[in-house]
Peer 1: 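Please find one structure pasted underneath; my questions will follow.
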Amino acid sequence: MLSEPRSGRLAAWGNALLAGLVSPDDAVLEIVGDDAVHRVEGLPGESAPVGLTLALGRLRALGVSGLRIALPAPGHPLGLSGPPEFNARAMDAEEAVVCHGAAFGLVPEVFEAGPDGDVHVEVVWHCLTVREAPPADVPSLGEAERELAEALRDATAVLSRLDVAGSGPVAEAAIDAYRARAERGRELLAPGYPPRAVRVLELAQRVGLLVSLAYENGHGGAVSSAEMGARAEALRPVERVARRAQVAAYNAYVEERERGVR
């Protein structure tokens with residue numbers, strides 16, 4: 001939950017490429033990550049899926065000047081602006097990229113094959129028309145940072161009382177993996193992002209890890225139905241706040257451009 005969405009990598013490194021801060025090869029390498037290959041289907045003027053390098057160049061030629069993300073969930077169309085077809089596909093994928101400067105959006109479809117430990121992953125980004133309107137429910141970086149601090153404090157108190165904080169070897173391994181990643185600092189975002197966006201994303205991922213461990217740790221000490229309900233009530237708003245903060249962090253580059261900071 002909330003580790004590093006593919007839409008985040010595409011938006012962050014796509015923005016760095018559009019700004020001329022990284023080469024196409026470096027951007028594509030970072031976007032693809034551990035996957036085998038990414039392609040884009042449905043681009044205007046293309047009858048078949050194309051590679052990311054060509055796709056990003058074509059989007060730039062079509063007027064795209066920046067990329068935002070959406071991380072919707074049932075009942076929470078976070079970052080979306082319509083139309084219904086795009087929103088529905090983004091809701092199914094639980095993520096999407098929305099272009100700034102031209103009315104296009106990209107929704108990933110993931111294909112996996114192979115045994116555990118040797119899974120071959122291919123991603124097809126479907127290019128669709130979007131409505132040019134403000135994205136739904138996206139906070140500013142300042143708002144996101146304040147919300148995260150409050151949510152983390154409140155959730156930690158509730159989860160500690162119910163004895164459902166992550167524990168055991170699986171939880172410890174997850175925490176160690178997070179710490180190793182956090183030590184890499186600015187690799188969380190591509191060049192060109194403000195330091196505050198990096199800080200907000202780090203905190204959002206830390207909060208997301210807490211939520212994931214709490215969900216994956218069974219019922220913990222919450223043995224009664226009332227306590228289990230209290231845990232769910234504690235986690236739900238925290239997860240929502242963490243998603244909002246992730247979107248704010250990844251979208252910070254475009255938001256600064258719109259305010260004339262860049």
Peer 1: To the nearest 0.5 angstrom, please state how far the CG atom of Leu78 sits from the CD atom of Gln246.
Peer 2: 9.5 Å
Peer 1: Please determine whether side chain to side chain contact (heavy atoms under 4.5 Å, CB included) holds for the pair Leu67 and Cys99, giving the CA-CA distance in whole Å, both sets of side-chain angles, and the decisive distance to 0.1 Å.
Peer 2: CA-CA 5 Å; Leu67 302 170; Cys99 298; 3.8 Å; yes
Peer 1: Which atoms form the tightest heavy-atom contact between Pro44 and Cys127, and what is the distance?
Peer 2: CD-SG, 4.4 Å
Peer 1: State, without any angle test, whether Tyr193 and Asn15 hold a side-chain donor-acceptor pair at a distance under 3.5 Å.
Peer 2: yes
Peer 1: Find out whether Arg199 and Glu145 are in side-chain contact, i.e. whether some heavy atom of one side chain is under 4.5 Å from a heavy atom of the other.
Peer 2: yes
Peer 1: Please tell me if the side chains of Leu17 and Pro24 come closer than 4.5 Å, counting only heavy atoms from C-beta onward.
Peer 2: yes
Peer 1: Identify the two heavy atoms, one from Pro108 and one from Ala93, that lie closest to each other, and give their separation to 0.1 Å.
Peer 2: O-CB, 3.7 Å
Peer 1: Got a sec, which pairs hit salt bridge (Lys or Arg N to Asp or Glu O under 4.0 Å) with one end in residues 54-81, sequence neighbours left out?
Peer 2: Glu46-Arg58, Arg68-Glu255, Arg68-Glu258
Peer 1: Search all heavy atoms of Tyr253 against all heavy atoms of Ala19 and return the closest pair with its distance.
Peer 2: OH-CB, 2.9 Å
Peer 1: Salt bridge between Glu239 and Arg243, side-chain N to carboxylate O under 4.0 Å?
Peer 2: yes
Peer 1: Answer whether the closest heavy-atom distance between the side chains of Val22 and Pro191 falls below 4.5 Å.
Peer 2: yes
Peer 1: Do the non-hydrogen side-chain atoms of Arg6 and Val32 ever get within less than 4.5 Å of each other?
Peer 2: no
Peer 1: In the hydrophobic clustering (ILVMFWY, side-chain contacts below 4.5 Å, transitive), which residues join Phe111, or is it alone?
Peer 2: Val124
Peer 1: What distance do Leu59 atom CG and Phe104 atom CZ have between them, rounded to the nearest 0.5 Å?
Peer 2: 7.5 Å
Peer 1: For Glu143, does the CD atom sit with more than 12 other heavy atoms under 6.0 Å from it, leaving out its own atoms?
Peer 2: yes
Peer 1: Can a salt bridge be assigned to the pair Glu122 and Arg39 using a cut-off of 4.0 Å between side-chain N and carboxylate O?
Peer 2: yes
Peer 1: Closest approach of Tyr250 and Gln205, non-hydrogen atoms and distance?
Peer 2: OH-NE2, 4.2 Å
Peer 1: Quick check: closest heavy atoms across Ala102 and Val64, and the distance to 0.1 Å?
Peer 2: CB-CG2, 3.8 Å
Peer 1: Are any of the side-chain nitrogens in Arg9 or Glu30 under 4.0 Å away from the carboxylate oxygens of its partner?
Peer 2: no
Peer 1: Mind listing the closest non-hydrogen atom pair of Ala249 and Leu189 along with its distance?
Peer 2: O-CD1, 4.4 Å
Peer 1: Return the CG to CG distance between Asp25 and Leu52, rounded to the nearest 0.5 Å.
Peer 2: 11.5 Å
Peer 1: Through direct or indirect side-chain contacts below 4.5 angstrom among Ile, Leu, Val, Met, Phe, Trp and Tyr, which residues connect to Val130?
Peer 2: Leu80, Phe86, Val98, Val107, Leu128
Peer 1: Only pairs at least two apart or in different chains count here, so list each salt bridge (Lys or Arg N to Asp or Glu O under 4.0 Å) that has a residue in residues 94-109.
Peer 2: none
Peer 1: State yes or no: do Val110 and Val50 share one hydrophobic cluster built from I, L, V, M, F, W and Y residues joined by side-chain heavy-atom distances below 4.5 Å, directly or via other members?
Peer 2: yes
Peer 1: Apply side chain to side chain contact (heavy atoms under 4.5 Å, CB included) to His76 and Asp137, showing your working.
Peer 2: CA-CA 8 Å; His76 190 205; Asp137 198 35; 2.5 Å; yes
Peer 1: Same cluster or not: are Leu56 and Leu54 linked, directly or through other Ile, Leu, Val, Met, Phe, Trp or Tyr residues, by side-chain heavy atoms under 4.5 angstrom apart?
Peer 2: yes
Peer 1: Any non-hydrogen side-chain atom of Val40 less than 4.5 Å from a side-chain atom of Pro49?
Peer 2: no
Peer 1: Check side-chain contact (heavy atoms from CB on, under 4.5 Å) between Asp92 and all other residues, then give those that pass, not counting sequence neighbours.
Peer 2: none
Peer 1: If hydrophobic clusters are built from ILVMFWY residues whose side chains come within less than 4.5 Å, do Val97 and Val37 share one?
Peer 2: no
Peer 1: Is there a side-chain contact between Asp34 and Val121 in this structure, where contact means two heavy atoms from C-beta onward sitting under 4.5 Å apart?
Peer 2: no
Peer 1: Can you list everything that forms a salt bridge (Lys or Arg N to Asp or Glu O under 4.0 Å) with Glu41? Sequence neighbours excluded, please.
Peer 2: none
Peer 1: Quick check: is Ile69 connected to Met91 through a chain of hydrophobic side chains (ILVMFWY, heavy atoms under 4.5 Å apart)?
Peer 2: no
